[in-house]
Amino acid sequence: MPTSVVMNTFKVGVSAASGNYNSISSSKSIYAIGAPVRQAPRSARRVILSTARPITCRNDPAPTPKYNPERPYQKLGQTPSDVGSQGGMPTLAPTKAPEKVRVKSDVRALDLGSQVTLFRCYDDEEGRFEPEYKRERGSTENAYLIQTANKNCLIDLPEGAWSLAFATQLKKKNPGPLNFIVLSHFNPRMCASLITVLKSQPSAAAPLEVWCSNPTLLAITALLKRGSPAFNRELYDAWTGRGSGWGLRARLLRVTTGTRLSLGDGHELSFLLANISRWPECMFTYDPVSQKLFTSKFFGAHTMASDKKGLDAGGLEDYKEDWSYYFDTLIGPIAQQALKIIQRTNIKALDVEVPLSKGEQINKSLKNLLSAFLRPNSGTEEEEVPVDLEGKLAVATICPRHGPVVRNNLKGLLELYDSLLADRVNASNEISVAVIYASAYGNTSIMANAVVTGLERSGVNVKLLDCEFSKASEVLELVKGCQGFALGSPTLGGHTPTPVSEALGAILKGIERDVPYGVFGSYGWSGEAVAAMQNRLIDGGFKPAFDPISLKFKPTPDMIEVCEAAGDTLAQTVKQSIVSKKIRKKKVIAEKISAMSVDVVSRAVGRITTAASVLTANINGEDFCSLVSWVSQASFNPPAVTVALSKESTPQALMLLNAKLTINILGNKNQALMRALLNKGFKSGDSCFEGVEIERNEETQCAIIKDAASYLECTVTNRLDVGDHWVLLVNIDEGKVLDTDATTYFHHRQVGTEY
């Protein structure tokens with residue numbers, strides 16, 4: 001008799017009279033897989049759908065308004081009259097209508113042995129610019145099919161771009177109906193594939209069972225709920241069989257750690273919830289017959305490289321950089337959570353896979369071994385907390401959602417993760433910044449990842465948290481352990497989403513006001529959320545590290561760069577706050593100077609002299625100026641110079657490629673102007689040129705100081721991240737000597753540790 005388990009089942013109901021969706025049925029059933037032995041009466045199983053908690057449709061493409069070329073979206077730094085309700089807040093947005101999703105057709109079915117097939121969907125990543133794809137090695141979406149004599153189970157689905165090609169390959173491999181789908185990860189971009197699979201089911205087939213974690217169940221419920229903002233009509237029709245006369249096509253089943261699914265031939269799948277803040281719906285699936293562990297988003301890589309079987313042939317040296325980069329961009333910011341998941345899984349890497357031919361039953365010794373690995377479900381409906389695995393989980397192959405299937409380098413990959421996790425966890429005891437966000441369509445999530453990239457590039461440990469699936473108390477605890485924070489939010493219905501508002505309220509109540517912060521977010525229409533967060537924090541006494549960043553629809557590469565620069569700026573501000581900002585920094589420098597051991601080097605560096613100059617720029621009608629002394633010629637042809645600018649005070653827009661600026665080289669007559677600007681950082685607005693006679697370039701509107709010895713009009717062509725400064729490479733477009741009798745003014749310093 002098959003093993004019995006207790007679990008909750010959810011079934012979408014349809015009114016027999018009208019055919020309208022009206023409820024979700026819930027029941028507690030004793031299952032010998034596929035056949036209910038005992039079930040509550042139908043009247044006791046009905047649950048009104050409105051009681052289910054709707055969640056936002058993450059990563060779904062934003063709604064696309066009709067594009068009007070005569071009214072392009074806002075640009076960075078518009079005035080209040082231009083932006084309207086944005087109040088002059090820097091706003092970034094695409095200048096053309098969002099493009100449609102490109103259909104992708106390269107899907108290959110590869111035999112992994114032990115009745116397991118890999119469906120490998122190849123992605124050349126054209127048009128993808130998120131930080132995780134910067135290696136430009138392509139990627140894959142992986143799905144897996146387990147076929148036994150009587151049952152078959154599909155583990156994961158590709159995103160919608162591959163839906164048709166995937167369904168074609170799946171039908172070739174499995175002409176009959178599917179019995180189960182296990183969704184170890186879910187986002188609404190996978191709906192098209194789910195719809196295609198449902199529509200391809202034979203009319204006489206029993207409803208397809210979709211096994212998933214509770215967050216995935218809630219997400220799909222929201223997509224199926226009529227009247228919900230996330231409602232998906234096509235998915236609803238395919239799921240309920242509306243219009244086909246076939247009846248219900250699928251039902252949802254929630255799993256917890258220890259739940260098992262028997263497919264026959266010894267394939268008794270076991271589940272382990274791996275829910276973390278980035279992927280709260282994530283779970284692992286273990287197959288004892290093939291000793292494969294399906295790890296969803298863990299142990300992946302964004303690369304199309306593999307051997308002909310989709311495996312990691314070629315040695316650890318061929319994939320170490322791909323695995324490490326994937327870890328750094330996706331797993332690293334949640335290292336402490338990931339470490340707990342991997343420790344709980346307790347994987348023992350086997351040297352060879354122990355296959356079981358089709359039709360064989362699992363032997364008694366292997367079944368006893370499995371029972372030692374997995375603690376069975378307690379059978380209580382309320383249990384949702386993951387339980388520990390006992391002993392070692394024997395794994396011969398890791399099957400991730402992205403990249404090659406890991407068999408040849410399994411031990412090496414596990415050791416690599418151990419090392420990377422240890423480094424991240426140890427770093428969390430040093431300087432840390434929390435990045436807290438919620439994302440309606442995935443756009444704010446992309447921005448959050450870009451801010452994380454900038455923070456990590458500056459040597460700061462990051463703790464990432466999706467507050468949609470976290471309590472306010474968890475947010476407060478996280479921020480209390482950090483030296484700074486960034487808060488990201490979409491705008492939904494003209495308001496800040498409730499999870500973000502609750503997180504912000506906790507921060508305002510429990511955090512010291514000297515903690516640096518920044519806010520960012522995306523929107524589809526009005527975009528009030530970012531301004532609301534900024535106003536509440538400023539009113540609460542906080543000081544921002546960077547200007548609020550608000551963008552319309554999906555970020556472009558330039559916008560990603562701005563978010564990364566914001567992360568850099570926040571990191572530098574946090575570092576300076578730790579040493580009590582400038583006052584304490586100068587005190588430390590003074591103490592070092594008095595100690596002759598450090599004095600030797602700092603005084604030697606101070607002997608480097610450069611011409612004193614004033615850098616001017618005009619960004620969307622607003623003037624900026626700053627004294628700069630670290631200017632040096634870099635090239636004869638084309639003529640170019642380098643300019644070193646402090647990360648602390650430099651406007652982010654000035655560092656973008658193709659930004660225009662003017663370098664006014666001072667003469668001996670300009671000493672008063674130099675003293676007025678010394679140690680002032682960047683000045684902006686009308687205060688820039690008080691008492692200074694200027695003229696402007698008609699095209700760039702950059703100011704030219706008439707009393708300067710000469711000036712250079714330049715364009716930013718590249719930049720280099722150097723410690724606490726940016727080094728800009730600028731090409732010289734025009735230049736002129738204004739005072740032929742003037743002597744260039746050189747700035748002499750006593751030490752090289754300050755300006």
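Predicted, not measured: the structure shown is a model, and the values here were computed from it.
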Rounded to the nearest 0.5 Å, how far does [atom2] of [Y] lie from [atom1] of [X]?
X    : Y    : atom1 : atom2 : value
L615 : L661 : CG    : CG    : 5.0 Å
T556 : E561 : OG1   : CD    : 9.5 Å
C467 : L504 : SG    : CG    : 10.0 Å
T498 : E468 : OG1   : CD    : 10.5 Å
L183 : E281 : CG    : CD    : 9.5 Å
L551 : C563 : CG    : SG    : 6.5 Å

Quick one: does [X]'s side chain have a donor or acceptor within less than 3.5 Å of a partner on [Y]'s backbone?
X    : Y    : answer
E474 : K471 : yes
S228 : L224 : no
T295 : F298 : yes
Y417 : F299 : yes
T569 : A565 : yes

- Between S139 and D123: side-chain donor-acceptor atoms closer than 3.5 Å: no

Heavy-atom side-chain proximity of [X] to [Y] below 4.5 angstrom:
X    : Y    : value
Y437 : L487 : no
M283 : N275 : no
L720 : W726 : no
S432 : V462 : no
S213 : L217 : no
K575 : Q483 : no
F546 : P516 : no
L645 : L728 : yes

- Under-4.0 Å salt bridge between D721 and K647: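 Salt bridge: yes.
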
Ignoring hydrogens, what is the shortest heavy-atom contact between [X] and [Y]? Give both atom names and the distance.
X    : Y    : answer
V255 : W211 : CG1-CE3, 3.3 Å
A529 : P490 : CB-O, 3.2 Å
P158 : S193 : O-OG, 2.9 Å
S522 : T444 : OG-OG1, 2.9 Å
H185 : N187 : NE2-ND2, 3.4 Å
E141 : L157 : OE1-O, 4.4 Å

- What pairs with Q343 under side chain to side chain contact (heavy atoms under 4.5 Å, CB included), at least two apart in sequence or on another chain? L339

- Message: Would V500 and M533 count as a side chain to side chain contact (heavy atoms under 4.5 Å, CB included) here? Give the steps.
- Response: CA-CA 9 Å; V500 180; M533 292 190 298; 3.7 Å; yes

- Message: Checking T496 against S489 for the side chain to side chain contact (heavy atoms under 4.5 Å, CB included) test, could you report, in this order, the C-alpha distance in whole Å, the side-chain angles of both residues, the deciding distance, and whether it holds?
- Response: CA-CA 7 Å; T496 306; S489 175; 3.7 Å; yes

- Of the options Q534, R513, R536, E512, which is the one that meets F542 in a side-chain contact (heavy atoms from CB on, under 4.5 Å)?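 Answer after filtering Q534, R513, R536, E512: R513.
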
- Could you go through the side chain to side chain contact (heavy atoms under 4.5 Å, CB included) check for W279 and L330 one step at a time? CA-CA 10 Å; W279 305 300; L330 296 176; 3.9 Å; yes

- Task: Check step by step if side chain to side chain contact (heavy atoms under 4.5 Å, CB included) holds for F284 and L273.
- Result: CA-CA 6 Å; F284 292 172; L273 297 185; over 6 Å; no

